[in-house]
Amino acid sequence: MNKKICVFIGSRANYSSLRPIMKKIQQDTDLDLILFVGASAVLDKYGEVAELVQKDGFRIDERIYMLVEGENPTTMAKSTGLGLIEIAGLLDKHKPDFTLIIGDRHEMLAVAIASAFMNIPIAHTMGGEISGTIDESIRHAITKLAHVHFPANEEARKRIIKMGEKEEMVFNVGCPRMDAIKEILGENHDVEINSLTNKDGVGDIFDIDGNFILVSQHPVTTEFEQGEKQINETLEALLEVQKEKNVLIIMLWPNADAGSDSVSQGIRKFREKVKPSNFHFFKNLPLPIYVHLMNKTKCLIGNSSSGIRDGAFIGTPVVNIGTRQLGRSHGKNVIHVGHNKYEIAKAILKQMEHGIYNSESIYGDGNASTKIVEILKTAKPEIQKN
């Protein structure tokens, strides 16, 4: 019988990293893909990633509605609890041989807890890394629940082993998101990109010719009450940069973490009161478009892990703001600043002056998915952990 691999997608970031593995599982005659999509990935408010999943040819086996409104620490905890209840029942229904979990988000913790209690082996990607906020605690908690580990670099592999995990079950395969980026960079999406602001999002319509800044800033869960203040510093910095440079701004909506409403409120107030010119806002973007924007942008600013991970591989000039990625391994392409409009503006201008960086393979060489699938086909980890 085929080995059943259950994959859970809970956000746009999850999907972009899991998509290459899902394609490999789908193509393998010895494996069956069971796909759960839930949390922000099924909500229009966050761009309904589920639609992208289906357009890419994947069958969604279960949709899980688990997010409690409010975007604060209490609702995050409740959402995790609801997810645990729903996911446990669905795992019992489908009885997978493995659950494949990615990263460090609260919805992933629900999948890990349910799987561990139900004696389902857990494969975890991107464990062993250091970053800021509650994400790091969640990531390490999932590592201690998981049975097979797929870290993205050697530093993370060593850290997982130091945490007591069996060395023979820890595989430095690289980050599967790099697989997707490597493939996408070889494709031509210029037509789609040039018509982007005409058909999607809100704001001024303009042609994207490379003279733009890409913005992706999320709430910091341990600083969730400061979300509006933090995004205001970023927005004011962008206006300062526009005074010196005739540059366009493409801005993405924040994710569903605690403080999301505060960040969103700051963006809405800015849009309505300031009425900025040459700004365009998107809820979500397909990964191929996002990658090509990263490849063309003068600078990516904010606090998304894509600036750290994808940016190193692509060579994107990045200004990382605040503590959300604190401690994560990064390339020469990143400048770190605090939530101060003058610091941010100065760093943006410096990165625009520098231009594209050399590619660095800090998070793999773009061949992680093949390695992960081959290991899953043969891995027989012990359920009982010591």
Side-chain angles (χ1 to χ4, degrees), residues 3 5 7 9 12-33 35 53 56-58 98-104 122-129 139 143 146-161 165 167-189 286-292 294-295 305-316 328-333 356-379 381:
K3 187 177 280 189
I5 311 296
V7 174
I9 295 168
R12 65 192 182 211
N14 291 169
Y15 180 52
S16 60
S17 298
L18 286 166
R19 181 174 173 266
I21 308 175
M22 289 160 55
K23 287 173 71 175
K24 294 290 184 183
I25 294 172
Q26 198 176 54
Q27 292 164 3
D28 198 294
T29 55
D30 295 324
L31 299 175
D32 290 333
L33 175 65
L35 185 56
V53 174
D56 285 342
F58 296 107
F98 266 102
T99 52
L100 178 61
I101 297 173
I102 194 162
D104 52 19
I122 301 165
H124 183 215
T125 74
M126 300 187 195
E129 296 179 25
R139 185 186 307 109
T143 289
H147 304 86
V148 182
H149 307 272
F150 298 120
N153 55 42
E154 185 60 19
E155 190 176 300
R157 187 189 77 87
K158 290 177 180 177
R159 195 172 287 117
I160 291 171
I161 294 168
E165 296 304 295
E167 187 169 354
E168 63 270 22
M169 286 291 131
V170 186
F171 306 90
N172 176 9
V173 296
C175 174
R177 188 176 168 98
M178 300 309 115
D179 301 17
I181 292 171
K182 184 177 180 180
E183 180 182 339
I184 290 165
L185 290 177
E187 302 167 347
N188 186 351
H189 291 269
L287 182 62
I289 301 300
Y290 181 69
V291 169
H292 275 278
M294 282 193 68
N295 192 38
S305 63
S306 68
I308 307 293
R309 307 175 79 93
D310 310 357
F313 191 82
I314 298 169
T316 310
R328 197 187 287 274
S329 299
H330 63 85
K332 296 175 182 177
N333 65 308
I356 196 80
Y357 285 77
N358 291 329
S359 176
E360 296 182 70
S361 299
I362 298 171
Y363 292 96
D365 58 5
N367 296 296
S369 301
T370 299
K371 298 172 188 175
I372 289 171
V373 169
E374 288 305 311
I375 293 167
L376 286 176
K377 286 169 68 173
T378 58

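We're numbering straight along the sequence, starting at 1. Nothing here was measured: the structure is a model prediction, and the numbers come from that model.
The two atoms that bring A379 and V148 nearest to each other are CB-CG2, 4.3 Å, heavy atoms only. Closest of all the heavy-atom pairs between G174 and A368 is O-CB, 3.4 Å. Taking every heavy atom of both residues into account, I160 and P151 meet most closely at CD1-CB, 3.9 Å. Taking both residues in full, the closest heavy atoms of M294 and S306 are given as CE-O, 3.6 Å, listed atom of the first, atom of the second, then distance. Closest of all the heavy-atom pairs between L376 and A123 is CD2-CB, 3.8 Å. Shortest non-hydrogen contact noted between F150 and V173 is CB-CG2, 3.8 Å.
For the side-chain hydrogen bond (donor to acceptor under 3.5 Å, both in side chains) with E165, the qualifying choice from H149, R159, H124 is H149, the only one to do so. When each of E155, E360, E154 is paired with S329, the side-chain hydrogen bond (donor to acceptor under 3.5 Å, both in side chains) condition holds for E155 and for no other.
Interatomic distance, NZ of K23 versus CG of L33, reported as 13.0 Å (0.5 Å rounding). With values rounded to the nearest 0.5 angstrom, K24 atom NZ is found 7.5 Å from D179 atom CG. The CD1 atom of I308 lies 6.5 Å from the NE2 atom of H330; values are rounded to the nearest 0.5 Å. Rounding to the nearest 0.5 angstrom, the gap separating the CG atom in N153 from the OG atom in S361 is 11.5 Å. Between D310 atom CG and I181 atom CD1 the span is 3.5 Å, to the nearest 0.5 Å. Between the CZ atom of R328 and the OG atom of S305 there is a distance of 5.0 Å, given to the nearest 0.5 Å.
Partners of N14 under the side chain to side chain contact (heavy atoms under 4.5 Å, CB included) rule, at least two apart in sequence or in another chain, are I9, S11, L18, I102, R105, E107, M108. With sequence neighbours excluded, the residues satisfying ring pair (Phe, Tyr, Trp, His ring centres under 6.0 Å) with H292 are H189. Listed by chain and number, the residues in a side chain to side chain contact (heavy atoms under 4.5 Å, CB included) with Q26 are F58 (sequence neighbours excluded).
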Next item on the list: Under the side-chain contact (heavy atoms from CB on, under 4.5 Å) rule, what do K182 and F313 come out as? Steps first, then yes or no, please.
Entry: CA-CA 9 Å; K182 184 177 180 180; F313 191 82; 4.2 Å; yes
I5 and D32: CA distance, side-chain angles, deciding distance, side-chain contact (heavy atoms from CB on, under 4.5 Å) verdict:
CA-CA 6 Å; I5 311 296; D32 290 333; over 6 Å; no
* **Verdict with reasoning, V7 to I21, per side-chain contact (heavy atoms from CB on, under 4.5 Å)** => CA-CA 9 Å; V7 174; I21 308 175; 6.0 Å; no
### Query
Would Y357 and I314 satisfy side-chain contact (heavy atoms from CB on, under 4.5 Å), going step by step from the backbone distance to the final call?
CA-CA 8 Å; Y357 285 77; I314 298 169; over 6 Å; no
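Here R309 pairs with E129 in a salt bridge; the nearest charged N to carboxylate O distance falls below 4.0 Å. A salt bridge is defined here as a Lys NZ or Arg NE, NH1 or NH2 lying under 4.0 Å from an Asp or Glu carboxylate O, and K377 with D28 meets this definition.
Within 6.0 Å of NZ in K371 there are more than 12 heavy atoms belonging to other residues, nucleotides or ligands.
D56 and Y15 share a side-chain donor-acceptor pair at under 3.5 Å.
Between V170 and E167 the shortest side-chain heavy-atom distance does not fall below 4.5 Å. Counting heavy atoms from C-beta on, the side chains of M126 and P176 come closer than 4.5 Å.
Between the side chain of T316 and the main chain of A312, no donor-acceptor pair closer than 3.5 Å is present.
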